[in-house]
Amino acid sequence: MRVSVIGAGIAGLTCALELSTRGASVEVLERAPQLCGAGCSWFAGGMLAPWCERENSGPLIAELGAESLPWWREHFAGTVVNGTLVVAHARDTGELRQFGRRTARFESVSTETIAALEPDLAGRFNQGLYFAEEGHLDPRAALAALAARLAERGVAITFGVDGPQRGGQVVLDCSGLDASARLRDLRGVKGEMLLLRLPELRLNRPVRLLHPRFPLYVVPRGQGIFMVGATMIESDQATRITARSMLELLSAAYSLHPAFGEAQIIEIGTGVRAAFPDNLPRLRHVGGTLLVNGLYRHGFLLAPALARRAAAVLLEGRHFPEVMDEDPGERRLA
């Protein structure tokens, strides 16, 4: 089978690798001029946190995410499985209790355990939740590694094109919000992030700081670089970060550790994630094309599990009711 994968974000690259591994002849087509412009994947947090994500998502996300974790360990050497630490200031312990009620597979930790896990946070938090089985990765390094592995397998990535230039192949569309004309129930959710340089601080794992209005996550990228994010704005416009979001991100980071007040801001970024109304992913046939979309804020967490299913649909004719449905527009016409 010859397959044209549209989109060189994380969904497209994982699908291309799964298809190629299973014997398909694959090409990847990306409308951006280079990999760093391939949609919201470039600005992702890279947290592989299926059980933390139960806080505001259903069990399907945790199930797919747990399936994806070993895939990442096998396919990307930079995958770090060192857990996730969730903390809150004393005035926000109610947020911590609520987070615990909604999630799973964690242990409650005291100030002594927090200090052992993250020495630079010693004495700052009295209690927390430790999700030992979760992991994280650097999304940009992961994208580059997947692209390199595809090149080794003879899979070409062509940039600056919108779609197949010839006929006769199966089309797998992983183009995110660019597919909104075909997926009429798709919407955009804007995320904003900062990259900070602070060599004086060390974190060993992603740390989530809970707050009733503005929760935050900080993900270590190595060499004193930290990714700071949290914003979710209902918008399909990838405009620059707002002053309010910048202030809230920096204030929350400072609240996690005052040393962030001296950090250098080395990058500010925004990306628009594609999401369906229920924030769950879909594999959907539209007009002879299979679309993989709606990964919302869970792109790196879900992409391998969805890629496996997409490859099985195309190569084996299988059906996965947990992630597959029909186009609601076509259903209305019927």
Side-chain angles (χ1 to χ4, degrees), residues 44-69 80-118 120-137 189 191-194 203-220 226-234 245 248-257 260 273 275 278-280 295-302:
M47 293 179 293
L48 307 176
W51 298 287
C52 274
E53 290 302 320
R54 283 294 305 270
E55 188 252 345
N56 55 18
S57 63
L60 177 63
I61 300 302
E63 293 166 9
L64 296 175
E67 178 184 330
S68 294
L69 264 168
V80 179
V81 179
N82 206 18
T84 302
L85 179 62
V86 182
V87 296
H89 290 291
R91 65 181 179 274
D92 299 322
T93 53
E95 298 295 317
L96 198 65
R97 289 193 295 270
Q98 179 172 276
F99 195 94
R101 287 194 296 268
R102 293 177 174 176
T103 55
R105 298 177 74 155
F106 63 85
E107 62 173 303
S108 298
V109 293
S110 65
T111 185
E112 292 80 13
T113 305
I114 292 172
L117 291 168
E118 297 292 353
D120 284 3
L121 297 182
R124 296 197 53 78
F125 302 96
N126 295 326
Q127 54 186 310
L129 307 174
Y130 179 46
F131 295 76
E133 301 170 79
E134 296 187 336
H136 69 283
L137 50 76
V189 182
E192 301 166 316
M193 55 78 76
L194 306 175
L203 294 177
N204 300 308
R205 55 188 54 79
V207 177
R208 298 186 183 219
L209 175 64
L210 302 183
H211 184 275
R213 188 174 61 86
F214 198 81
L216 171 93
Y217 55 79
V218 177
V219 186
F226 300 90
M227 186 273 194
V228 179
T231 58
M232 291 183 292
I233 301 170
E234 293 287 334
S245 293
E248 290 179 331
L249 285 171
L250 291 174
S251 297
Y254 181 85
S255 178
L256 178 66
H257 198 294
F260 278 113
R273 307 116 159 180
D278 58 4
N279 295 330
L280 296 177
L295 278 68
Y296 184 43
R297 55 179 283 172
H298 309 121
F300 282 81
L301 178 64
L302 302 184

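Computation of the quantities below employed the complete heavy-atom set of this structure, encompassing side-chain atoms and omitting hydrogens, waters and symmetry-equivalent molecules. This one's a predicted model, so the numbers in the text were calculated from it and none came from an experiment.
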Enumerate donor-acceptor pairs with a distance under 3.5 Å from any side-chain N or O in residues 88-96 to protein atoms, sequence neighbours excluded.
| residue | atom | partner | partner atom | Å |
| --- | --- | --- | --- | --- |
| His89 | NE2 | Ser255 | O | 3.1 |
| His89 | NE2 | Ser255 | OG | 2.7 |
| Thr93 | OG1 | Ala90 | O | 3.4 |

Point to revise | Stepwise side chain to side chain contact (heavy atoms under 4.5 Å, CB included) test for Leu129 and Ser108 | key: CA-CA 5 Å; Leu129 307 174; Ser108 298; 3.8 Å; yes
**Study point:** Full working for side chain to side chain contact (heavy atoms under 4.5 Å, CB included) between Val219 and Phe226
**Key:** CA-CA 6 Å; Val219 186; Phe226 300 90; over 6 Å; no
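With sequence neighbours excluded, no residue forms a ring-ring contact (aromatic ring centres under 6.0 Å, His included) with Tyr130. When the side-chain contact (heavy atoms from CB on, under 4.5 Å) test is applied to Glu112, the partners found at least two apart in sequence or on another chain are Ser110.
Although no hydrogens or angles enter the test, the distance criterion places a donor-acceptor pair under 3.5 Å between the side chain of Arg205 and the main chain of Leu117. With hydrogens and angles ignored, the 3.5 Å screen pairs no side-chain donor or acceptor of Glu134 with any backbone N or O of Met47.
A salt bridge is defined here as a Lys NZ or Arg NE, NH1 or NH2 lying under 4.0 Å from an Asp or Glu carboxylate O, and Glu53 with Arg208 meets this definition. The existence of a salt bridge linking Arg213 and Glu248 is confirmed by a sub-4.0 Å separation between a basic side-chain nitrogen and an acidic carboxylate oxygen.
His257 has its side chain within reach of Arg124: a pair of non-hydrogen atoms, C-beta onward, lies under 4.5 Å apart. Within the 4.5 Å cutoff, the side chain of Val207 has heavy atoms near those of the Val87 side chain. Contact of the Val228 side chain with the Tyr217 side chain is not registered, since no non-hydrogen atoms from C-beta on lie closer than 4.5 Å. Side-chain contact check for Glu67 versus Glu63: every heavy-atom pair is 4.5 Å or farther apart. Contact check for Pro50 versus Leu301: side-chain heavy atoms found under the 4.5 Å cut-off. The shortest distance between side-chain heavy atoms of Glu234 and Val189 falls below 4.5 Å. Side chains of Glu118 and Leu85 form a contact here, defined as non-hydrogen atoms less than 4.5 Å apart.
For the residue pair Glu55 / Thr103, no side-chain donor-acceptor distance below 3.5 Å is found, with atom types taken as modelled.
Separation of atoms CG (Leu280) and CD1 (Ile61) is listed at 5.0 Å; rounding is to 0.5 Å. Here CG of Leu48 is found 12.0 Å from NE2 of His298. Values are rounded to the nearest 0.5 Å. With rounding to the nearest 0.5 Å, the separation of CG in Leu249 from CZ in Phe214 is 4.0 Å. Rounding to the nearest 0.5 Å gives a distance of 8.5 Å between CZ of Arg297 and OG of Ser57. Separation of atoms NE2 (His136) and CG (Asn82) is listed at 7.5 Å; rounding is to 0.5 Å. Here the CZ-CG distance, from Phe300 to Leu137, works out to 6.5 Å after rounding to the nearest 0.5 Å.
Note: Tyr254 and Phe260 fail the aromatic proximity criterion, with ring centroids not under 6.0 Å apart.
Ring geometry for Phe99 against Phe131 counts as perpendicular: the plane angle is over 60°, on a 0 to 90° scale with 30° as the lower cut.
Nearest approach of Thr84 to Cys52, heavy atoms of both residues: CG2-SG, 3.8 Å. The heavy-atom pair separating Gly229 from Met227 by the smallest distance is N-SD, 4.1 Å. Shortest non-hydrogen contact noted between Ala275 and Tyr296 is CB-CD1, 3.6 Å.
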